[in-house]
Amino acid sequence: MQEESDGRIIKQNISSCSSQCCNCLFHLFGHCCWCRKRIVLVLLGLDGAGKSTLLAKLCGEDQNHVIPTWGFDKRTWNTRKFQASIYDLGGGKNIRGIWSHYFAEVYGSIFVLDASNDLRMLEVANEFKKVVKDAHLNGKPMLVVANKRDLSFDLPTSAILGVLGPINSTYQAFIECNCSLLNNVEVDQQLNNGLEWLLETIQINYTKLHSRVKMESTIQKEKEYTSIIERQEETKGFKARKATMVTLNTQSQDTKSFNMHDQLQSNVNAKCINAWIGSIDIDPTMCTYKHVNEKGQEIDEPYVDYEKFMQPLMEEYDVNVDEPNYTPNEIIAFFGKPSDENEYNLEKRNLPGQTT
Ligand SMILES: Nc1nc2c(ncn2[C@@H]2O[C@H](COP(=O)(O)OP(=O)(O)OP(=O)(O)O)[C@@H](O)[C@H]2O)c(=O)[nH]1
Ligand SMILES: [Mg+2]
């Protein structure tokens, strides 16, 4: 970071590693060396708290053009000992759900809150308690930044801490600072101290944190992979069920779905009934499911689900049914095969075995 004669800051991007002194305001932290350890940090806090402003300041970027973060933003911050990837996560209510996906891989976090806005302090406390309790974040160094101290001093630190709950001094530090444009040239000393504390704590606990991050992020990736596969299978299953419904109307069906997929079963059967009653000549004997008989052989068993298949049909045509289950052949014997016409008239009749 350089300053021009009129005092303006020359914007520089430190996202790429340079071979000379770091470009950020924190020259205190910054000069490149070969042995930097790679770490991941995360910026958390409600929308408007000042996370992106802090990051811009940290990276020596223009704070005039900070806009609300949708999703996340990522920067690299080079310090003496670390090459830190910083995730700046959007703080909007609908985006907060993504926060926890980053926690397994982080070595430390910075939680920013707007100390001038007492109206949102309970919301802040809710989110704070959630992240502190998170299994992947718990016990990792966290710097809590009470920002916008230039705006209001109405809310004393004790009041903020009263809402947040006690700070665990072994892995948490609380600072007050001001990341506003007014304070563009110099990094707030408190912020400076806080960041130094964060890096120092990570440095001291690096071995432990590193093995924890490695293990937890591997497990998380495996879980994510499994859930992707499950979702793909689900989608395939859904497509297969949809295909079943379609093929029912074209007479070639995979009728296994009849009892396998409860959620869509009634839809499938409704289609089948409609198709059967309608002009399309579908033979309900094609409704089968895989069944293992006494000899251990897998056979295609004709199947009609009374509740879902027959009942609505019977009700629609005001037919009394005593026997709960009928094979498709019995149904055909009773109703007859659908005609080629678009209408299929059922007479009110008794079912087999019923006496008039
Ligand atoms: N007065 C004052 N304004 C600040 C300070 N820090 C940030 N701001 C302003 O607060 C507004 C929101 O800042 P952002 O950095 O976008 O907030 P954020 O936490 O990144 O918000 P999201 O991206 O929506 O999660 C901007 O207009 C900043 O200029 C501060 O310390 N004092
Ligand atoms: Mg932001």
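Remember, it's a predicted structure, so these values are computed and weren't measured experimentally. Both ligands and their constituent atoms are indexed starting at 1 by order of listing.
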Quiz item: Going by the order shown, which atoms of ligand 1 are within less than 4.0 Å of some heavy atom of Val66?
Solution: 14 (P), 15 (O), 16 (O)
Exercise. Using the Mg ion (ligand 2) as the apex, give the angle to atoms OG1 (Thr69) and OG (Ser52), rounded to 10 degrees.
Key: 90°
Quiz prompt | Met142 vs Ile110 side-chain heavy atoms within contact, under 4.5 Å | solution = no
Quiz item: Taking the six-membered ring of Tyr107, is NZ or CZ of Lys140 closer than 6.0 Å to its centre and within 45° of its axis?
Solution: no
Quiz item: Which of the numbered atoms in ligand 1 are below 4.0 angstrom from a heavy atom of Asp47?
Solution: 21 (O), 22 (P), 24 (O), 25 (O)
Quiz prompt | Any N/O pair Asp88/ligand 1 closer than 3.5 Å | solution = no
Self-check item: Within-cut-off N or O pair, Gly92 and ligand 1, under 3.5 Å
Solution: no
Quiz item: Against heavy atoms of Asp150, which atoms of ligand 1 measure under 4.0 Å?
Solution: 1 (N), 2 (C), 30 (C), 31 (O), 32 (N)
Quiz item: If two hydrophobic side chains count as joined below 4.5 Å and joins carry through other members, does Ile67 share a cluster with Tyr87?
Solution: no
Self-check item: Numbered atoms of ligand 1 (with element) below 4.0 Å of Leu151, judged on heavy atoms
Solution: 1 (N)
Self-check item: For Leu46, the ligand 1 atoms whose distance to one of its heavy atoms is below 4.0 Å
Solution: 19 (O)
Practice problem: Decide whether Asn193 and Gln189 meet the rule of one side-chain donor and one side-chain acceptor closer than 3.5 Å. | Solution: yes
Exercise. Examine Arg149 against ligand 1 and note whether any of their N/O atoms are separated by less than 3.5 Å.
Key: no
Self-check item: Which of the ligand 1 atoms, numbered from 1, are nearer than 4.0 Å to a heavy atom of Thr69
Solution: 22 (P), 23 (O), 24 (O)
Self-check item: Side chains of Val42 and Ile86 in contact at under 4.5 Å (non-hydrogen atoms)
Solution: no
Quiz item: Which one of Ser52, Gly48, Pro68, Gly45 has a non-hydrogen atom at the shortest distance from atom 21 (O) of ligand 1?
Solution: Gly48
Exercise. Ignoring angles and geometry beyond distance, decide whether Gly91 reaches within less than 3.5 Å of ligand 1 through its nitrogen or oxygen atoms.
Key: yes
Exercise. Would you please say whether a donor-acceptor pair under 3.5 Å links the side chains of Ser100 and Asp134?
Key: no
Self-check item: Single-linkage hydrophobic cluster, 4.5 Å side-chain cutoff, Val213 and Ile204 together
Solution: no
Practice problem: Take Lys51 and Asp88, measure what salt bridge (charged side-chain N to carboxylate O under 4.0 Å, His left out) needs, and give me the verdict at the end. | Solution: CA-CA 7 Å; Lys51 301 178 292 295; Asp88 172 17; 5.4 Å; no
Exercise. Take Glu123 and Arg96 through the test salt bridge (charged side-chain N to carboxylate O under 4.0 Å, His left out) and record every step on the way to the result.
Key: CA-CA 12 Å; Glu123 194 184 350; Arg96 287 174 213 159; 2.9 Å; yes
Quiz item: For ligand 1, which atoms have a heavy atom of Asn178 less than 4.0 angstrom away?
Solution: 30 (C), 31 (O), 32 (N)
